[in-house]
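Everything on this sheet refers to the single structure shown next.
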Amino acid sequence: MKRSSLGSTIALLFLLGACRTPAQLGSGEPLPGRLYLNRLPAWADSVGQMLSSDSLSGRLSTTPGQRRAAQLLLDRLRSLGLPGAAEDGSYLQRFPVRVRLLDTSRTYLVLHNGEQSRPLSVGRYFYALNEYALPGRWDTLQVLFAGYGISTSEHDDLAGLDAEGRILVVFSGAPRTLSVRHIPFLDDSLDLGGAEYKLLNALFVHRAAGLIIFEEPDLLENWDRLRPNLLGPAMRLEAEEGFALERPLLFGHPDLGRLLFGERYEALRDSARLGAPLTPAALPVRLSVQLALWERRDSTENVLAYVPGRNRADQWIVLGAHYDHLGVFDGEVYPGADDNASGSVALLSVAAALAEDWRAGRQPARSVLFAWYSAEEQGLLGSEWLVRHLPRRIQIRRVLAKINVDMVGRTSADTLYLIGAARLRPALQTTIESVNRRLGLFVLDLSFDDPAHPARLYERSDQYSWAQRGVPVAFFTDGMGENWTRQSPLDDYHRPTDSWEKINREKLRKTALLLYELVRELADRVRRL
């Protein structure tokens with residue numbers, strides 16, 4: 001039987017993904033939020049400038065600057081008329097953290113070579129993993145070079161070596177002859193070339209007194225830029241006990257390698273980069289290590305608001321961005337304009353557009369939660385706390401999708417990187433591409449979405465906390481964080497030069513418009529993804 005003209009029209013709308021609400025279809029007028037985002041609101045630019053100003057001192061979590069940033073966000077949300085989404089109806093979801101800091105003035109290596117002793121400073125010659133480390137001092141220990149630090153039935157760098165009570169020195173990576181590259185561990189696997197495996201093998205299996213890893217690629221290439229992360233405060237959630245690392249894990253700079261190996265260092269480094277065999281041996285030096293740390297308990301805050309759904313209010317779309325950054329280090333403010341004042345402002349702009357729709361009685365069918373996370377830079381702590389402690393009105397099984405924006409104001413004005421959208425629900429990526437194609441806003445680059453990509457961006461921002469609970473996620477970013485060329489003028493990631501005047505306002509507006517249209521598509525569609 002031939003379809004009626006009405007049936008054909010409805011079928012066509014479904015094919016085009018135009019599952020709109022009656023308010024949208026019936027009025028014939030554009031949604032107010034869509035008109036609102038025809039330009040970036042003047043207040044949005046002002047908020048971005050304030051978030052990244054020196055007066056907020058880099059918004060390091062638990063500091064007055066971070067709390068002023070939270071107040072700035074909630075004042076804007078209150079002015080938009082959006083309700084707070086925290087359990088008590090406020091905008092702030094506080095959560096407890098433990099803050100740990102390496103005392104760099106009392107943390108050092110001492111190299112003993114014959115009768116001579118040379119102190120070596122942290123941050124210059126080495127970094128110490130301090131998140132789970134215990135303070136301590138280890139004196140004049142023998143040093144053993146243990147190749148790649150791998151022990152398997154196929155390849156054993158520690159065969160015949162007595163590692164107990166000694167400091168092991170190893171290179172990152174693995175010999176190219178290894179047929180097995182990963183070993184099972186708990187619910188995952190460990191890369192034999194990675195630091196996690198080498199730590200467990202050296203310190204816990206072979207009872208070494210300490211471990212120094214050389215040529216960890218990402219660390220070595222970005223040695224100076226990582227100073228605020230590795231020498232600044234480390235945080236973890238108060239409820240996380242973790243494990244106590246009773247012996248030091250250090251990452252060595254090539255200058256330390258030259259002191260330990262002399263002229264052999266470059267040859268060993270080149271061999272390790274090729275995966276060639278390395279011959280273990282005792283080194284003719286001794287090392288003393290001292291780690292000094294202090295710890296305190298503190299708290300920080302997520303900022304939460306929402307737009308209630310019109311007729312499916314118990315189903316949710318979540319939009320998130322972290323608003324914290326690195327604070328002040330070595331006397332310099334790290335303003336974090338792109339990372340992530342840009343994403344925070346984009347989210348505020350979408351919230352303002354949906355507030356316009358709500359005031360006109362045309363809000364989405366499903367509810368929309370906005371989350372500005374704290375302590376992302378310390379390990380995604382804010383998003384992890386939120387998914388563990390969702391307000392009672394939100395059940396995670398009723399969260400249809402989580403969209404994350406982290407750094408969206410730099411590099412090409414016409415390109416946006418999309419990560420993770422197809423991993424848990426391929427229909428999410430299809431929907432995003434369809435919306436973007438209809439709007440003609442961006443080239444959506446999937447370069448960083450490859451699970452084998454060494455940057456592993458999928459695991460490095462707040463969408464990952466949701467993905468681990470099975471929620472379909474999508475992560476938008478501008479790619480600046482992986483533009484590692486030192487000479488590039490765009491290379492401001494985690495630097496004091498990441499300032500607001502470099503933000504592309506039009507890219508920010510286009511990102512907000514894409515997010516808004518995507519939320520409307522996801523929240524108004526008849527069926528779940």
Side-chain angles (χ1 to χ4, degrees), residues 30-51 69-86 89-93 301-310 313 315-324 340-374 382-383 386 391 393-394 399-406 408-409 435 462-463 474 476 505 508-524:
L31 286 165
R34 186 172 298 145
L35 297 175
Y36 184 83
L37 291 174
N38 278 337
R39 59 185 179 85
L40 189 69
W43 63 258
D45 193 47
S46 176
V47 168
Q49 290 178 14
M50 288 187 284
L51 283 174
Q71 186 66 45
L72 180 64
L73 293 171
L74 74 84
D75 286 346
R76 176 55 53 180
L77 292 167
R78 188 178 288 124
S79 74
L80 295 174
L82 295 186
S90 73
Y91 295 97
L92 298 181
Q93 183 191 46
E301 302 85 16
N302 293 327
V303 180
L304 307 177
Y306 75 107
V307 173
R310 191 185 64 259
Q315 298 180 21
W316 294 83
I317 308 298
V318 180
L319 272 73
H322 78 90
Y323 72 98
D324 66 302
N340 186 33
S342 65
S344 298
V345 168
L347 220 60
L348 272 178
S349 300
V350 179
L354 287 178
E356 293 286 319
D357 289 348
W358 188 17
R359 278 190 288 273
R362 302 176 70 184
Q363 75 264 36
R366 296 178 175 90
S367 299
V368 180
L369 173 68
F370 292 94
W372 288 264
Y373 305 111
S374 187
S383 53
L386 177 58
R393 69 171 63 88
I394 304 173
V399 176
L400 276 65
K402 152 68 174 160
I403 311 300
N404 193 59
V405 281
D406 188 353
V408 289
V435 170
D462 290 301
Q463 74 287 332
F476 291 102
R505 274 71 164 178
L508 204 56
R509 184 197 69 83
K510 288 165 58 177
T511 301
L513 179 59
L514 175 60
L515 294 172
Y516 167 81
E517 295 286 354
L518 177 59
V519 167
R520 294 287 336 199
E521 178 72 30
L522 294 171
D524 287 333

Using a 4.5 Å cut-off on heavy atoms from C-beta on, say whether the side chain of [Y] contacts that of [X].
| X | Y | value |
| --- | --- | --- |
| F370 | L348 | no |
| L354 | R520 | yes |
| D75 | R78 | yes |
| L522 | L400 | no |
| N340 | S342 | yes |
| L386 | P391 | yes |

**OP:** For R39, look at atom CZ and say whether over 12 heavy atoms of other residues, nucleotides or ligands are found less than 6.0 Å away.
**Re:** no
Which pair of non-hydrogen atoms, one from [X] and one from [Y], has the smallest distance, and what is that distance?
| X | Y | answer |
| --- | --- | --- |
| Q363 | R310 | O-NH1, 3.1 Å |
| A523 | P364 | CB-CB, 3.5 Å |
| N302 | G382 | ND2-O, 3.0 Å |
| A70 | L92 | CB-CD2, 4.2 Å |
| R362 | P30 | NH1-O, 3.4 Å |
| L37 | S349 | CD2-O, 3.9 Å |

Original post:
Quick one: does S367's side chain have a donor or acceptor within less than 3.5 Å of a partner on A313's backbone?
Top reply: yes
Are the side chain of W372 and the backbone N or O of S344 linked by a donor-acceptor pair below 3.5 Å? yes
- Query: So, D357 versus Y516: side-chain donor-acceptor pair below 3.5 Å or not?
  - Reply: yes
Residues at least two apart in sequence or cross-chain that pass ring pair (Phe, Tyr, Trp, His ring centres under 6.0 Å) with F476, listed by chain then number, are none
| task | Tell me, with the steps shown, if W358 and V368 meet side chain to side chain contact (heavy atoms under 4.5 Å, CB included). | result | CA-CA 11 Å; W358 188 17; V368 180; over 6 Å; no
Give, for atom [atom1] of [X] and atom [atom2] of [Y], the distance between the pair rounded to the nearest 0.5 Å.
| X | Y | atom1 | atom2 | result |
| --- | --- | --- | --- | --- |
| L73 | L51 | CG | CG | 5.5 Å |
| L518 | L513 | CG | CG | 11.0 Å |
| S90 | E301 | OG | CD | 10.0 Å |
| K402 | L319 | NZ | CG | 7.0 Å |
| L515 | N404 | CG | CG | 10.0 Å |

| By side-chain contact (heavy atoms from CB on, under 4.5 Å) - contacts of E356 (at least two apart) |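 Partners of E356 by the side-chain contact (heavy atoms from CB on, under 4.5 Å) criterion, ordered by chain and then number, come out as P32, Y36, R359.
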Sorted by chain and number, sequence neighbours left out, side-chain contact (heavy atoms from CB on, under 4.5 Å) with A474 holds for I403, L418, A421, L428, I432
Side chain to side chain contact (heavy atoms under 4.5 Å, CB included) evaluation trace for V399 with I394: CA-CA 8 Å; V399 176; I394 304 173; 4.0 Å; yes
